[in-house]
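For reference, the structure discussed in these notes is given below.
Values reported hereafter were calculated over all heavy atoms of this structure, with side chains retained and with hydrogens, waters and symmetry mates removed.
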Amino acid sequence: MTTPLPAVARFWVYALQGIMYELCFTALWNYSTTPDLRLMGESSIWSIWVYGVGGLVYELCVWRNGLRHYNALFRIVVSVFYTYLWEYGNGAVLRMFGACPWDYTERKWNIHGLITFQYAPAWVFAGILHEKMMEVLEGVEWGKKDDVKNGGVATKVE
């Protein structure tokens with residue numbers, strides 16, 4: 001018998017997806033200001049929480065409650081709004097403990113150094129990719145090794 005992919009597995013997919021985006025974005029951003037072909041990106045262990053839980057909360061509270069049925073422009077606006085709320089909230093809590101790994105005070109259009117609207121295009125792109133990942137994960141099932149090939153993981157073919 002197979003079941004949908006467990007939340008803990010989706011958490012790790014979302015966490016790794018977010019960290020990958022963050023590494024790519026920071027490498028390209030750093031290159032645009034100081035050309036360095038090593039393309040060194042940066043992230044933090046806190047990003048596992050921010051992206052993993054953030055992805056799950058978005059999926060469970062927004063995506064599964066009907067957002068997917070709206071047009072793409074509305075979904076993008078909701079996704080970016082959610083992202084800024086999540087980033088601000090997590091940043092504020094982490095800052096209380098001296099642990100916030102980002103500080104946007106030097107960026108244009110920032111709010112308390114915790115978010116910057118300068119990165120809105122990147123959040124639009126990340127939101128679109130996150131939607132695609134949620135769609136892929138909806139088609140992944142988990143089961144006993146004897147039930148499905150590939151060590152207990154199967155994808156629905158439609």
Side-chain angles (χ1 to χ4, degrees), residues 2-35 39-95 100-142 153-158:
T2 61
T3 60
L5 195 62
V8 69
R10 295 191 320 274
F11 164 89
W12 282 106
V13 170
Y14 297 144
L16 294 174
Q17 178 187 26
I19 289 171
M20 181 189 70
Y21 295 162
E22 186 170 51
L23 289 172
C24 291
F25 177 79
T26 57
L28 294 173
W29 185 270
N30 293 342
Y31 181 81
S32 74
T33 58
T34 310
L39 296 174
M40 301 294 289
E42 51 203 58
S43 190
S44 165
I45 292 296
W46 292 113
S47 295
I48 294 170
W49 164 269
V50 172
Y51 294 119
V53 174
L56 281 177
V57 169
Y58 185 81
E59 171 195 312
L60 298 173
C61 295
V62 180
W63 186 249
R64 290 191 182 184
N65 283 321
L67 182 67
R68 73 177 83 207
H69 304 297
Y70 288 88
N71 69 53
L73 180 60
F74 182 75
R75 292 194 320 264
I76 288 168
V77 169
V78 170
S79 173
V80 172
F81 181 74
Y82 168 82
T83 299
Y84 278 125
L85 285 177
W86 188 257
E87 183 179 29
Y88 187 92
N90 279 276
V93 170
L94 288 169
R95 186 181 279 175
C100 186
W102 64 89
D103 183 357
Y104 301 134
T105 53
E106 300 299 318
R107 301 277 186 252
K108 297 178 192 175
W109 315 309
N110 80 82
I111 297 177
H112 304 128
L114 294 172
I115 61 173
T116 175
F117 296 108
Q118 190 173 8
Y119 293 166
W123 288 127
V124 167
F125 184 66
I128 292 167
L129 293 177
H130 185 66
E131 272 194 15
K132 297 303 176 198
M133 181 60 76
M134 287 186 297
E135 290 171 358
V136 167
L137 293 180
E138 284 179 332
V140 175
E141 295 181 341
W142 189 264
V153 178
T155 56
K156 296 177 189 173
V157 179
E158 297 180 21

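For the pair Y104 (side chain) and W109 (backbone), a donor-acceptor distance under 3.5 Å is absent. T26 places a side-chain N or O within 3.5 Å of a backbone atom of L23 that can act as its donor or acceptor partner. Side-chain atoms of W86 come within 3.5 Å of backbone N or O of V50 as a donor-acceptor pair. Between the side chain of R75 and the main chain of Y70, a donor-acceptor pair closer than 3.5 Å is present.
Nearest heavy atom pair, residue H112 against residue N110, reads N-OD1, 3.6 Å. When all heavy atoms are compared, the tightest approach of F74 to N71 is N-OD1, 2.9 Å. The shortest heavy-atom contact between Y51 and I19 is CD1-N, 3.8 Å. Nearest heavy atoms, K108 versus Q118: N-OE1, 3.3 Å.
When side chains are defined from C-beta on, L137 does not count as touching M134, because their heavy atoms never get closer than 4.5 Å. For the pair W102/R107, no side-chain contact is recorded, criterion being any heavy-atom separation below 4.5 Å from C-beta on. Side-chain atoms of T83 and H130, non-hydrogen and from C-beta on, never get closer than 4.5 Å to each other.
For residues 78-95, the set of pairs meeting the salt bridge (charged side-chain N to carboxylate O under 4.0 Å, His left out) definition, not counting sequence neighbours, is empty.
Taking CZ of F25 as the start and CG of N30 as the end, the distance is 9.0 Å to the nearest 0.5 Å. Separation of atoms CE (M133) and CD (E59) is listed at 11.5 Å; rounding is to 0.5 Å. Atom-to-atom distance recorded for C61:SG and L67:CG is 12.0 Å, nearest 0.5 angstrom. One distance of note links CG of L16 with CD1 of I48; it measures 7.5 Å at 0.5 Å rounding. The distance from the CD atom of E141 to the OG1 atom of T3 is 8.0 Å, given to the nearest 0.5 Å.
For A126, the side chain to side chain contact (heavy atoms under 4.5 Å, CB included) criterion is met by Y21, W123, not counting sequence neighbours. In this structure K132 satisfies the salt bridge (Lys or Arg N to Asp or Glu O under 4.0 Å) test together with E135, sequence neighbours excluded.
Annotation: Y58 is not in aromatic contact with Y14 [ring centroid separation under 6.0 Å not met].
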